[in-house]
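Labels below follow one simple rule: chain letters A, B, ... track the order of the sequence lines, proteins then strands, and each chain is numbered from 1.
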Amino acid sequence: MLDLRFVRENADRVRKALADRGLEVPLEELLEKDRCRRAVLADLEEKRARHKRGSKEVGERVRRGEDPAVLRREMATLSEEIGKLEQKADALEAAVRGLLARLPNIPHESVPVGPDETYNREVRRWGQPPAFGFQPLPHWELGEQLGILDFQRGVKIAESRFTLLRGKGALLERALINFMLDLHTKEHGYTEVFPPILVNEASMFGTGQLPKLENEMYRCRDDALYLIPTAEVPVTNIHRDEILAEEDLPIYYCAYTPCFRREAGSYGRDIRGLIRQHQFNKVELVKFSHPETSFDELEKLTNNAEEVLRRLGLPYRVVVLSTGDLSFAAAKCYDLEVWLPSYGEYKEISSCSNFTDFQARRANIRFRPAGGGKAQFVHTLNGSGVAVGRTVAAILENYQREDGSVVVPEALRPYMHGLEIIEP
RNA sequence: GGAGGGGUGGCAGAGCGGACUAAUGCGGUGGUCUUGAAAACCAUUAGCCUUCGCAGGCUCGCGGGUUCGAAUCCCGCCCCCUCCGCCA
């Protein structure tokens, strides 16, 4: 959420952000409603002040033994007028808030301007896509041949887009989670947390999933709880409604959690394999940063996620999203894309974003400056470090051999009891 | 699931129809004192909204209601704690 005062005083910047993102929000209506609301408020507050003084006077007359009946009647009338004005002010405020909630974050100046993903800009590339002397297989075929991915059973147990991992496949998944957590906690300075995986509405609102993405989430029937679509939600909400000490910033958390997404509206896409599942594992990086250093923190966070792919020897590239592709709450976002031979292209495996104060304002996460003074909103960041299921797919496909076996990346072997090759 | 207790400023905690303009303590900040620090003492210290400013308004878990007037009384809801039951 943007600051209403900021919107009022920087209407041109907001207008440009909307245009750059290709969004239509009736900004003029918002500004007009806001003007109207403030006019009503001035009238309302003047009447409330009179009413307050009058009521006090009634009390004093009673104490002095005078008859307060006339004044009491006057105050009753005034009270009624106030009630009406309050309704009017509330309605205007609700309208303003509704429109304000539809305004996206302002993209950072370094973000390329363009209407869609074709304007995303590649910023760097690492590694070489493997050259196979044979016809490489997609991971879903490899996985089934090796007996480590069971798509049919996943469908039987749950429904489509759920997969059963078996044997070395389950071990590979677990090894990746442990490898990533160890890397981020031991070498990158993150504190590991394991949060609730069902969260309440306030948490979903704080990070911006509600109200917009309600259809994307699994909801409990008998409780007002949602399955998390990403660890970003519970981990960012760790400090909701808190005032942090400036010297505690930046705070780094990493968390492994399963994630659940309904994937409504993506019926035709990525239907095969592990790429788009309703349930998947992810190691997430979350930062609470001082406003002045948040864009530096974004570079570091992105590099931390990249390190996972470098250690695993997976070819990837980093893309900075254009204004048209940037998510609603983000001011800047880098996507990490891993090479997938079955797609013949790079496929998103991590998304690293700086939300500046957009989430912090919604979730009310502030810090107290060291010298005292007003609490300010922190900046929140997060990124996948990285998506585990897609990493399994990338390893199977990039490390496959002609006989259908798969070499285990060296960095992973200590986590797989020294296993070097996955074979049937 | 049953019974009881409770949600008040950064934290703890009093207040239970009209001087609440929310006591007090802790913590924070500034100062006095000190070679320096600690202690002590003095001062200061909630957020939000409207306003160029003066000033004014709102907020005591949330939402209604009673009243000229609600932190305080009534109704509904949410959350937390304790005990019992059930349970990995």
Side-chain angles (χ1 to χ4, degrees), chain A residues 1-10 30-101 194 196-206 210-211 219-226 234 237-249 251 288 357 360-378:
Chain A
M1 191 155 47
L2 294 177
D3 179 31
L4 178 58
R5 186 172 299 161
F6 173 87
V7 174
R8 197 185 294 148
E9 290 168 3
N10 301 273
L30 190 161
L31 294 170
E32 176 53 33
K33 285 249 160 66
D34 177 50
R35 264 193 295 276
C36 193
R37 170 184 145 267
R38 279 145 63 208
V40 170
L41 222 47
D43 188 16
L44 171 63
E45 286 179 8
E46 183 276 326
K47 283 194 165 69
R48 278 210 278 233
R50 265 202 286 149
H51 180 255
K52 218 170 151 178
R53 282 195 301 272
S55 292
K56 199 164 280 186
E57 177 64 20
V58 170
E60 276 167 32
R61 287 189 191 180
V62 169
R63 218 168 299 120
R64 288 200 300 262
E66 299 172 16
D67 178 11
V70 174
L71 187 56
R72 192 174 273 176
R73 265 197 301 280
E74 265 176 49
M75 287 306 110
T77 312
L78 193 52
S79 180
E80 230 172 280
E81 286 174 39
I82 287 169
K84 282 180 194 151
L85 277 175
E86 275 173 346
Q87 279 187 358
K88 204 165 159 187
D90 286 350
L92 282 165
E93 176 159 0
V96 169
R97 291 184 65 88
L99 289 166
L100 187 65
F194 190 80
I197 285 159
L198 286 168
V199 301
N200 59 30
E201 285 182 33
S203 293
M204 282 296 188
F205 179 84
L210 284 180
R219 183 183 185 156
C220 295
R221 188 183 58 196
D222 294 329
D223 299 280
L225 294 170
Y226 298 83
N237 277 283
I238 287 174
H239 294 300
R240 169 155 50 85
D241 292 322
E242 288 185 18
I243 297 177
L244 305 165
E246 183 172 25
E247 55 266 33
D248 290 342
L249 299 178
I251 296 171
F288 300 83
D357 59 0
R361 187 170 291 111
R362 289 175 80 95
N364 193 26
I365 308 169
R366 295 171 294 170
F367 71 95
R368 181 88 58 196
K374 265 186 77 154
Q376 298 177 45
F377 291 113
V378 302

Got a list of protein N/O to nucleotides 7-13 of chain B N/O distances below 3.5 Å?
none

Sticking with atom [atom1], work out how far [N] lies from [M], rounded to a whole angstrom.
N      : M      : atom1 : result
B/rC33 : B/rC42 : P     : 16 Å
B/rG5  : B/rA88 : C1'   : 29 Å
B/rC60 : B/rG15 : C1'   : 11 Å

In whole Å, what is the span from the CG atom of A/D241 to the C1' atom of B/rC80?
-> 15 Å
Phosphate-side-chain proximity, A/S79 and B/rU67, N/O vs OP1/OP2 below 4.0 Å | no
Output one line per pair: protein atom, nucleotide atom from nucleotides 17-23 of chain B, and distance, for all N/O pairs under 3.5 Å.
residue	atom	partner	partner atom	Å
B/rG18	O2'	A/R63	NH2	3.1
B/rG18	N2	A/S55	O	2.6

Writing each nucleotide of RNA chain B 5' to 3' as (, ), [, ], | or . by Watson-Crick or G-U pairing under 3.5 Å yields ((((((((.[[[..)..(.....]]]((((((.......))))))(((((....))))).[[[[[..)....]]]]])))))))....
Locate the shortest heavy-atom distance separating A/F367 from A/F377; write the atom from each residue and the value.
-> CE2-O, 3.7 Å
Which heavy atom in A/G206 sits nearest to a heavy atom in A/R362, and how many Å separate them?
-> O-CB, 3.5 Å
Does the distance from a Lys or Arg side-chain N to an Asp or Glu carboxylate O, for A/K56 and A/E60, drop under 4.0 Å?
-> no
Review item, side-chain donor-acceptor pairs of residues 32-42 of chain A, under 3.5 Å, at least two apart:
residue	atom	partner	partner atom	Å
A/E32	OE1	A/R35	NE	3.4
A/E32	OE1	A/R35	NH2	3.1
A/K33	NZ	A/E29	OE2	3.1
A/D34	OD1	A/R8	NH2	3.3
A/D34	OD1	A/R37	NH1	2.9
A/D34	OD2	A/R8	NE	2.6
A/D34	OD2	A/R8	NH2	3.4
A/D34	OD2	A/R38	NH1	3.0

Between A/M75 and A/D90, the residue closer to the 5' end of RNA chain B by nearest nucleotide is A/D90
Give each protein N/O atom lying under 3.5 Å from an N/O atom of nucleotides 50-53 of chain B, with the pair distance.
residue	atom	partner	partner atom	Å
B/rU50	OP1	A/R8	NH1	3.4
B/rU50	OP1	A/R8	NH2	2.6
B/rU50	OP2	A/R5	NH2	3.1
B/rU51	OP1	A/R38	NE	3.0
B/rU51	OP1	A/R38	NH2	3.0

Which pairs would a plain distance check flag for residues 73-91 of chain A, meaning a side-chain donor or acceptor within less than 3.5 Å of a matching protein atom at least two apart in sequence or in another chain?
residue	atom	partner	partner atom	Å
A/T77	OG1	A/R73	O	3.1
A/E86	OE2	A/R48	NH1	2.7

